[in-house]
Amino acid sequence: MAISNAIANFSMTVHPELLAKAKALEPKLYERTVLPQRIVSIAPDGTVSTIQDLPDGQIQAGPYTRRDKVSLDFGEHMVGYLSLTVESTGSPMDAPCFLQFRFGERPLELVEDPDDYDGEISRSWIQEERIHLDRLPATLELPRRFAFRYLEITVLDTSAKYQAILKDISVRTVTSADMSLVPPLHTQDPLLQRLDQVSLATMRDCMQSVFEDGPKRDQRLWLADLRLQALTGYTCVHSTDLAKRCLYLFAALTQNEGRVGACLFHNSDQVDDTALFDYSLFFVSALLDYWQASGDRETLEELFPTAQRQIELSLKDLDARGIVRDKDTWWCFLDWGEGLNKQAGAQAILLFALKQAKEMAEILGKADLAKEWADTIERLTAASLTHLWDAEQGFFVSGAQRQVSWASQVWFVLAGVFDKDDNARLLKRLQKADPSPEMVTPYMNHYYIQALLDSGLKDDALAHLKHYWGAMLDAGADTFWEIFDPEDPTASPYGSQLINSYCHAWSGTPSYFIRNYFSD
Ligand code: RAM
């Protein structure tokens, strides 16, 4: 699957005043020290067994020489910096000590050989490090930040004359989430309690200097991920400043014609050259969410023109019928489902965002614009019903092949083209028909649950939340994953599960649902 869509003649426009506001909101990072809990062995199928418990977190491993290794379990997913002390024993040290570190969010990352990886995105995301220590004893903190629970340290070599001893191993974790603000959860349901804990850990570990999509990979700000993570952040840690910073970054660093990029690199003040139709529009949604969570009118006013521009640019993509033009590039995301056609989903997201943009125009007293958009909504709704609604099948169809997918139906429900009861009937038909492509990301499953809730199908929403995210718990999740197909737990959009992210912002929304809809 192609995963890049660089726009032609890409250029970036920097808006210094907006960038300055984003930078002023650089968050404080909270730190903890986490010690290893046990020495483990990991079988080729990823099964972990205890070799030795480390009740006080203290370890003295070795003496080790060529190819000796130790694997550690820290008992929880963390994002942070590894420290250790290495000492020598035996004869005087006559050669450097050569160490290798491998980090795993899941055990399987320590089992698969990175040399076998030949996927589409860079191998450099696989978390490993090799260092030479010329003098021992040495105490060091590895300079790179890693996301992991499991750690394997291999002594690649010492010499025939001396051996290495590893001790004082610890991790300095970082997050910008103030977890002391998480309100108590009121539910007796143990599964919901567990889903909430894992969801909170996911949110915590993705909340860094920005809302990262994944702290293992890509460690950057993607718009659709930002929207969902911000919703969870508002609910769980009353955090609005980080979302504000991210919105300012997107508005400050725009692509050609004022388009908001699909993602950006906050460390280098650089928007990526990838444009995704739906992601640009989620700037509108994320801004309205922010306003609803914060009541910050100044920001709404300042960033509204950026939102307005995303609507204008998207409307240019309509054909004469009032339907978003389909393309055969990676022009719109929706989900990672193989063969998923994006046209109907894109049309629905445009309607969804237009309604939110109209709401903001009304809040800001821009009556003419609100009226113009109301007319556009009417026109696009009519076009959707004429050209994309297949009354015989009772489903929206997408693309030249008239594909019926989960994503298209879910997004048309969220776009509110039908009333609540008709939407509920559509979702019931969808469950029964179970068309392919199915939903494969927690991201798309989030929107399915929201669609069920908006249609009054609260029991179905709860059942699906427990079923889908619960299955990830059963598969051993400490934090929720970027992609999860219960039918194919090894699925990866990138050609190898080794490169998948197992702590992913867009997957951490169970806490949002549980705390807003399913607690006492
Ligand atoms: C993945 C990212 C991110 C998502 C994009 C479309 O590479 O991790 O989560 O928004 O794809």
Side-chain angles (χ1 to χ4, degrees), residues 1-7 79 105-106 109 117 119-127 147 199 202-203 205-208 210-233 243 246-247 249-250 255 259-267 271-283 285-286 310 327 329-338 340 342 345-346 349 407 411 437 439-447 472 477 479-485 491-509:
M1 185 174 318
I3 51 170
S4 92
N5 178 26
I7 56 180
V79 173
E105 296 188 303
R106 295 181 63 203
E109 292 161 86
Y117 175 74
E120 199 171 343
I121 52 180
S122 177
R123 171 191 165 145
S124 64
W125 289 116
I126 297 173
Q127 303 187 100
S199 179
T202 310
M203 177 200 70
D205 287 351
C206 294
M207 272 179 85
Q208 300 295 335
V210 295
F211 282 114
E212 292 183 14
D213 61 330
K216 166 184 164 184
R217 203 219 78 239
D218 311 328
Q219 303 180 358
R220 82 189 64 143
L221 190 54
W222 283 89
L223 229 160
D225 306 60
L226 159 65
R227 171 164 196 243
L228 296 197
Q229 201 181 16
L231 288 175
T232 308
C246 296
L247 287 166
L249 280 171
F250 273 115
Q255 302 176 333
R259 190 182 297 278
V260 164
C263 68
L264 59 79
F265 309 100
H266 55 283
N267 289 325
V271 68
D272 189 29
D273 58 5
T274 304
L276 291 169
F277 183 88
D278 46 351
Y279 277 40
S280 304
L281 285 170
F282 286 133
F283 184 87
S285 317
Q310 306 321 303
K327 301 188 183 86
T329 58
W330 193 55
W331 63 282
C332 173
F333 175 64
L334 297 190
D335 198 10
W336 279 125
E338 198 61 53
L340 175 64
K342 314 290 171 75
I349 290 172
W411 274 111
M439 304 175 287
V440 296
T441 55
Y443 166 75
M444 192 59 227
N445 278 271
H446 166 97
Y447 282 115
M472 242 186 289
T479 45
F480 289 123
W481 307 343
E482 170 179 22
I483 183 161
F484 180 62
D485 179 356
S492 168
Y494 317 111
S496 164
Q497 54 175 346
L498 194 53
I499 206 92
N500 286 4
S501 155
Y502 295 102
C503 174
H504 215 68
W506 69 21
S507 316
T509 57

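Start at 1 with the first residue, then count along the sequence. Order of listing sets the numbers, starting from 1, for every ligand and every atom in it.
Residues His504 and Ser507 have side chains that never bring a donor and an acceptor to within less than 3.5 angstrom of each other.
By the 4.5 Å heavy-atom criterion applied to side chains, His446 and Trp506 are not counted as neighbours. Within the 4.5 Å cutoff, no side-chain heavy atoms of Lys342 are placed close to those of Phe277. Proximity of Gln310 to Arg259: side-chain heavy atoms (C-beta onward) are separated by under 4.5 Å at one or more points.
Side chain of Asp213 to backbone of Arg220: a donor-acceptor contact under 3.5 angstrom is found.
Using a 4.0 Å heavy-atom criterion, the residues that approach ligand 1 are Asp213, Arg217, Asp218, Trp222, Asp225, Tyr279, Trp330, Phe333, Trp336, Glu482, Tyr494, His504, Trp506.
In summary, of the residues considered (Thr274, Leu249, Asp272), a side chain to side chain contact (heavy atoms under 4.5 Å, CB included) with Leu264 occurs for Leu249 alone.
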